[in-house]
Amino acid sequence: HGGSFKAENEQLFGEFLECCSRLTEEHPEVIPFLASRHQKASTEFLASAEFRNVLGRCLTRVQSKRSKVYVYINELCTVLKAHTQRRKLALSSAP
Amino acid sequence: GAVPMEEEEDDDDPENRIAKKMLLEEIKANLSSD
């Protein structure tokens with residue numbers, strides 16, 4: 001491995017979303033929320049081995065214990081939130 | 001005699017229920033702050 005897990009992580013995340021969307025049909029707002037957390041996360045983190053490990057773990061678990069789907073979604077959201085890309089405030093140049 | 005009704009859908013894990021509640025509350029909070 002060259003050190004970047006970007007493509008692999010994207011694939012795993014897609015699988016996780018697909019799996020969860022079937023299990024969270026009663027609350028269709030959950031998946032878009034998870035996707036937006038993913039979008040806001042830093043690119044370094046999204047390509048990291050750490051994210052790969054978390055994703056792999058969550059995916060394996062959700063496939064074996066579907067009754068805990070929200071636990072794993074919540075876990076992933078928390079991790080993604082912790083790695084939210086810091087927005088540089090370019091708005092501060094008020095006249 | 002009457003057959004007691006069994007709760008059918010009790011695969012709802014307590015941990016899962018808490019996580020679901022937290023998640024839905026966070027989503028709601030996010031929507032209202034937008």
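Letters A, B, ... are given to chains in the order of the sequence lines, protein chains preceding strands, and every chain is numbered from 1. Computed from a predicted model, the values in this text were never measured in an experiment.
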Inset, instruction - Show your working on side-chain contact (heavy atoms from CB on, under 4.5 Å) between B/Asn30 and A/Arg37 and close with a plain yes or no. - result: CA-CA 11 Å; B/Asn30 254 271; A/Arg37 277 268 186 270; 3.9 Å; yes

Inset, instruction - Would you mind telling me which of A/Ile73, A/Thr78, A/Val71, A/Leu34 makes a side-chain contact (heavy atoms from CB on, under 4.5 Å) with B/Leu23? - result: A/Ile73

Legend entry - Sole candidate of A/Lys68, A/Arg66, A/Lys65 that passes side-chain contact (heavy atoms from CB on, under 4.5 Å) when paired with B/Asp13: A/Lys68

Legend entry - Gap separating the CZ atom of A/Phe33 from the CD atom of B/Glu26, nearest 0.5 angstrom: 4.0 Å

Inset, instruction - Select one option (side chain, backbone, both, neither) describing which atoms of B/Leu24 are under 4.5 Å from chain A's heavy atoms. - result: side chain

Inset, instruction - In plain terms, say whether A/Glu29 and B/Lys28 are close enough for a salt bridge, that is, a side-chain N and a carboxylate O under 4.0 Å apart. - result: no

Inset, instruction - Nearest 0.5 Å please: distance from the CE atom of B/Met22 over to the SG atom of A/Cys77. - result: 10.0 Å

Legend entry - chain B neighbours within residues 12-25 of chain A, where any heavy atom lies under 4.5 Å away: none

